[in-house]
Amino acid sequence: MSFIVGLTGGIGSGKSAASAWFEQQGITVVDADVIAREVVQIGQPALTQIQQRFGDWVLLDNGELNRHALREHIFQHPHARKILEGITHPAIRTSIIQQLQAATSPYVILVSPLLFETNQHQLTHHYLLIDAPEEIQLQRATQRDGQSEDQIKQIIQAQMPRARRQILAHDIVLNDGHLEHLYAQLVPLHQQYLQHCHTPSAMP
C-alpha cells in the first residue's frame with residue numbers, strides 16, 4: 001500500500017482547499033465526507049438501518065435521507081449522534097480502506113474532519129493538520145454552509161479540541177490568510193511526501 005497521509009482540521013479550516021491542491025498535483029485524495037454521503041444513498045444498507053432506528057421521518061418523499069431533519073434531531077438529542085455513528089462509521093471505514101487500496105499515486109491523502117475521533121488515523125502513516133483560529137472557522141463555515149453560528153459552534157465543540165489536534169499532528173499548516181499562502185506551505189510538504197515514498201524511514 002502507498003504512503004498514506006491523513007489530512008484533518010476543524011470545520012472551516014480549509015481541508016477541502018488543501019486536498020484539492022494535492023489532487024491538482026496528481027495525488028489521489030480519499031475524502032471521508034464524500035464517502036459519508038455515499039454510504040447513506042438510496043439502496044445502501046446504512047440508509048435502511050437509519051430508517052429502522054429513527055423512523056420514516058428521516059426520509060424525504062423521494063426516499064433520500066433528510067439530512068436537515070436528521071441534523072436538527074442530533075443537535076436536540078446528543079445521544080442520537082452515537083446511534084447514527086454506530087451505523088455509518090463502520091460502512092465509511094470499509095469504503096475508505098477499499099479506496100486507499102485502489103489508489104495508484106505515489107502517496108495518498110485521506111482527508112477526514114474526524115481523523116482522530118473515529119480512529120481513521122490508524123489507516124494512515126502521517127498526520128497533516130490544516131489549522132485555523134476558531135473565529136475564522138466560524139466566519140468561513142457560516143458563510144459557506146448556511147448554518148447558524150450556534151450550529152457551527154456545536155460542530156466545533158463536538159470535534160477534537162484544536163490544541164489536541166496540534167499535539168497529534170506531524171505537520172501543521174496555518175490557514176489564516178489567502179489561498180496562495182496555504183498553497184505555498186503545501187509545496188514543500190508535497191516534496192517531502194514524494195521523497196518519503198523512496199526513503200520510508202525518513203519520516204515518522
Side-chain angles (χ1 to χ4, degrees), residues 6-20 30-96 110-123 127 129-169 175-176:
L7 187 158
T8 193
I11 186 172
S13 61
K15 295 182 300 298
S16 296
S19 62
V30 177
D31 191 324
D33 273 351
V34 172
I35 292 173
R37 291 191 290 272
E38 292 173 349
V39 301
V40 294
Q41 289 177 347
I42 293 177
Q44 294 297 317
L47 181 59
T48 302
Q49 293 176 43
I50 292 170
Q51 179 187 8
Q52 292 172 344
R53 186 62 182 83
F54 290 94
D56 292 341
W57 61 266
V58 298
L59 299 182
L60 296 168
D61 291 339
N62 62 2
E64 293 180 356
L65 181 66
N66 188 333
R67 298 178 185 278
H68 176 74
L70 186 56
R71 184 167 58 234
E72 290 295 323
H73 180 76
I74 287 172
F75 281 132
Q76 294 172 15
H77 306 88
H79 68 281
R81 177 186 299 275
K82 295 295 184 183
I83 297 172
L84 178 64
E85 290 174 349
I87 295 171
T88 59
H89 283 184
I92 293 169
R93 191 179 186 90
T94 297
S95 183
I96 285 174
L110 168 59
V111 54
S112 172
L114 301 175
L115 185 73
F116 300 114
E117 294 92 327
T118 58
N119 290 325
Q120 291 171 2
H121 68 285
Q122 296 172 349
L123 304 175
Y127 317 140
L129 171 62
I130 308 300
D131 195 28
E134 185 172 318
E135 59 269 19
I136 292 180
Q137 290 181 257
L138 283 169
Q139 180 183 6
R140 289 173 179 162
T142 51
Q143 292 174 350
R144 179 194 66 196
D145 297 344
Q147 298 186 62
S148 70
E149 188 169 301
D150 285 342
Q151 287 175 318
I152 300 299
K153 284 181 178 179
Q154 283 184 295
I155 292 173
I156 291 175
Q157 290 169 1
Q159 296 178 337
M160 179 177 287
R162 181 185 176 199
R164 178 62 179 161
R165 280 196 297 259
Q166 291 172 340
I167 292 172
L168 294 173
N175 181 29
D176 60 352

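Fair warning: this is a prediction, and the values are worked out from it, not measured in the lab. Heavy atoms only: backbone and side chains are in, while hydrogens, waters and symmetry mates are out.
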Rounded to the nearest 0.5 Å, how far apart are CZ of R53 and CD1 of I83? 4.0 Å

Rounded to the nearest 0.5 Å, the CD1 atom of I167 sits from the CG atom of L129 at a distance of 11.5 Å

Can you find a pair of side-chain heavy atoms, one from E85 and one from T118, that are under 4.5 Å apart? no

Side chains of R165 and L168, heavy atoms from C-beta outward: is any pair under 4.5 Å? no

Got T88 and I50 here, is their nearest side-chain heavy-atom distance under 4.5 Å? yes

Rounded to the nearest 0.5 Å, what separation is found between the CG atom of L65 and the CZ atom of F54? 10.0 Å

Could you give me the CA-CA distance, side-chain angles and deciding distance for H121 and T8, then say whether side chain to side chain contact (heavy atoms under 4.5 Å, CB included) is met? CA-CA 9 Å; H121 68 285; T8 193; over 6 Å; no

Taking all heavy atoms of T142 and all of Q139, pick out the closest pair and write down the distance. OG1-O, 3.1 Å

Side chains of W57 and H73: does their closest heavy-atom pair fall under 4.5 Å? yes

Is any side-chain heavy atom of V34 closer than 4.5 Å to a side-chain heavy atom of V111? no

Side chains of N66 and V58 in contact at under 4.5 Å (non-hydrogen atoms): no

Lys/Arg-Asp/Glu bridge criterion (N-O < 4.0 Å) met for D131, R162: yes

In Å, rounded to the nearest 0.5 Å, how long is the span from CG of D31 to NZ of K15? 9.0 Å

In Å, rounded to the nearest 0.5 Å, how long is the span from CD1 of I96 to OG of S112? 6.0 Å

Can you name the closest pair of heavy atoms from E117 and M160 and give their distance? OE2-N, 2.6 Å

Nearest heavy-atom pair of D176 and R140: which atoms, and what distance? CA-NH2, 4.0 Å

Which heavy-atom pair separates Q120 from L110 by the least distance, and what is that distance? O-CD2, 4.0 Å

Do the non-hydrogen side-chain atoms of L114 and Q159 ever get within less than 4.5 Å of each other? yes

Could you tell me the separation between the OG atom of S95 and the CD1 atom of I35, rounded to the nearest 0.5 Å? 4.0 Å

Verdict with reasoning, D56 to Q51, per side chain to side chain contact (heavy atoms under 4.5 Å, CB included): CA-CA 6 Å; D56 292 341; Q51 179 187 8; 2.8 Å; yes

For the student: nearest non-hydrogen atoms of K153 and L138, plus distance: CG-CD2, 3.6 Å

Which atoms form the tightest heavy-atom contact between N175 and A132, and what is the distance? O-CB, 3.6 Å

For atom CG of D61, decide whether the heavy atoms of other residues, nucleotides or ligands shown that lie under 6.0 angstrom number more than 12. no

Does I152 reach the side chain of Q137, with side-chain heavy atoms less than 4.5 Å apart? no

